[in-house]
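Have a look at the structure below before the remarks.
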Amino acid sequence: MCGIVGVVSGSNVNEKLFNGLSNLEYRGYDSVGMCFINGSNLNIKKGVGKLEEVHKKVDFSKLKGNIGIGHCRWSTHGRVTEKNAHPHVDCKNKVSVVHNGIIENYSELKDELIKKGHKFCSQTDTEVIAHLIEDNLKNSRIEEAVRLALSRIEGSYALGILFADEPGKLIAARNESPLIIGIGKNENFIASDVPSILSHTNKIIYLDDREIAVLTRNSHKIFDISGKQKPKKIHTIKWSAEAAKKEGYKHFMLKEIHEQPRAIADTLNERIQNSHVVFEKEFGLSDDYLKKINRIVIVACGTSWHAALTGEFMLEELAKIPTEVEYASEFRYRHPLMGKNTLVIAISQSGETADTIAALKEAKKYGVKTLSICNVMGSSITRISDGVIYTRAGPEIGVASTKAFTTQLAVLYLFTILLSKLKKTLNQEQIKGMIDGIRKIPLQLQTVLDEDDEILECAELYYNKLNSIYLGRGINFPIALEGALKLKEVSYIHAEGYPAAEMKHGPIALIDKNMPVVVIAPHDVYTYKKVLGNIEEVKARGGIIIAIASEDDKLIPKKAKHTIFIPKTLYTLSSILAAVPLQLLAYHIADKLGRDIDKPRNLAKSVVVE
Ligand code: AGP
């Protein structure tokens, strides 16, 4: 839940480290710190607040050296104080550690080390690592001291470690927290994600769990926890460094909302061939296996969980496969029933969400096949599942997920087409209709984005409301949940997503003239007329109705206070089009309120702790 970055080079790394941290700030921003080695001294500056705020106080540019590590924190153990900010050091100020993750047995280790005379300065679990290494340094060289320390640690970690006495060596290690190695020219990097170092190198090694990397400026060696050296593949990343910049948009969230036509087009690209859906070889599941699937369980968290609910609707409605959606965090702690032909799908933008990884591992214990739908190449989830379908949203930096969500829906739609064909639940003509429908989506999304005026007006009128309700039915019920989540995340306004017809069983009591009610009501043969009835129910109680309706709808504008139109499409695809105005509404409201949209309070992009 924190960001870490490190560089070892032939020249001063101050700027690279500062920029790397700035790119990683979306992962945690309650405190920040850096450590450099100059001569054989550790020089550390750290403080509470965001990078720029702390920079103003401590002036990071004064730190100089050819090797350094940096950290931006999202606190787990220990309050947000300067003492608890990373890096942490040992008693002699010789070992400096930055850490992302949670050391579960830190309290036992801390007691043991205190008995041995170690002095602790912080309340963090991380400081234990620095002292454990120090303890092992009495009898071992640094690589061995790190290895021995890690073999005592239970929990998750991504670590960057510097040693004052070895000023040319950067050590990194990972277990259940993301960490990559960047191979540069005459310099090497460690980082929590690829985009943070992409302007320096696109040659990446993905560390696996319980691996330790020893980097100098012109060498890299990777070892397992037993000390055995391991050969590792160097991947070339295709994302450009520019893709991870704001490009003139006020916030990443807005840029990423506007990227959705491109993101969906890329996600479809080459996957539709002569009216057939074809996935790349990493999909890894054979037609024979897919024909046998008789149940699907989808695990995910947050926005990805909302995508999963939409997928459930598609898979049951069209491919006729019983599908259940589970919160990953709940799935892992019960004893799910798995048949041998159950497929478990994990959906995750980052591929590093701790609960989703754990749920996938739990599923694998039952011997069932697993598939991941993920946006980040080489991330943990993709490496532990049997097959992967990548969303091709490109790097998503804004903490509130937008383009990852709609590309997840596009992938679920393609997967449903493939299964419907194999299961013969749809004929070729119906499949062709579905394919024609999704091919139009990128252009249709562009028209939604181009007509932002009504949404802006709603934001201006209602940004000071304290509550709001989002209603939808069928495939658009998860979109109501997602719209409410977006508003909560970036504006801090309380919002509830509800199935439109369920409202009369309780929440209708909340409706009065101060309550904005966003109703997703595209024209369809299933629930449209019922939703009209639900709109009447809200109207009768004075609620302010903001409706999302199909472009030719004549009835809804007569009933709603505001109508935002989306182009006509297939019912299953209306969810993609309806999601976008809700993202924009949340964005504009948060912008009017002056919120820190890309880094909302208390949140971090990837939740890599349980
Ligand atoms: C989305 O806006 C949220 N920030 C959050 O709910 C997120 O979707 C969730 O943490 C899951 O992340 P993942 O898709 O990377 O697994």
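Whatever order the structure lists them in is the order used to number ligands and atoms, beginning at 1.
Under a 4.0 Å criterion applied to the non-hydrogen atoms of Ala400, ligand 1 contributes the atoms 2 (O). Ligand 1 places these atoms under 4.0 Å from at least one heavy atom of Ser401: 1 (C), 2 (O). Each of the atoms 1 (C), 2 (O) of ligand 1 lies under 4.0 Å from some heavy atom of Lys486. Atoms of ligand 1 found under 4.0 Å from any heavy atom of Ser350, numbered from 1 in the order shown, are 13 (P), 15 (O), 16 (O). Against a heavy-atom cut-off of under 4.0 Å, Thr303 is close to the following atoms of ligand 1: 1 (C), 2 (O), 6 (O), 8 (O). Ligand 1 places these atoms under 4.0 Å from at least one heavy atom of Ser304: 8 (O), 13 (P), 14 (O).
Aromatic rings from Tyr462 and His562 are positioned such that their centres are separated by under 6.0 Å.
For the side-chain contact (heavy atoms from CB on, under 4.5 Å) criterion with Thr402, the lone passing option out of Val580, Ile257, Leu582, Leu254 is Ile257.
Residue contacts with ligand 1: Thr356 is placed with no nitrogen or oxygen under 3.5 Å of a nitrogen or oxygen of the ligand (distance criterion only). Note: an N/O pair closer than 3.5 Å links Ser348 and ligand 1 by distance alone. Between Gly351 and ligand 1, no pair of N/O atoms sits closer than 3.5 Å.
When only non-hydrogen protein atoms are considered, atom 16 (O) of ligand 1 lies nearest to Thr353 OG1, 2.4 Å. Nearest protein neighbour of atom 10 (O) of ligand 1, counting heavy atoms only, is Val607 CG2, 4.0 Å. For atom 9 (C) of ligand 1, the nearest protein heavy atom (residue, atom name, distance) is Cys301 O, 3.7 Å. Among protein heavy atoms, atom 2 (O) of ligand 1 sits closest to Glu489 OE1, 2.6 Å.
Relative orientation of the His200 and Phe189 rings is parallel, given thresholds of 30° and 60° on the angle between their planes.
A distance of 12.0 Å separates NE2 of His251 from CZ of Arg595, quoted to the nearest 0.5 Å. Once rounded to the nearest 0.5 Å, the distance linking CZ of Phe477 with CD of Glu502 reads 9.0 Å.
Counting only N and O atoms by type, the side chains of Gln260 and His258 include no donor and acceptor under 3.5 Å apart. For Asn476 and Ser575, the side-chain atoms include no donor-acceptor pair closer than 3.5 Å.
Using a 4.0 Å cutoff on heavy atoms, Glu352 does not count as a contact of ligand 1.
Glu176 has no carboxylate O lying under 4.0 Å from a charged side-chain N of Arg210, or vice versa, which leaves the two without a salt bridge. Salt-bridge formation is not detected for the pair Arg332/Glu362: no Lys NZ or Arg NE/NH1/NH2 atom is positioned less than 4.0 Å from an Asp or Glu carboxylate oxygen.
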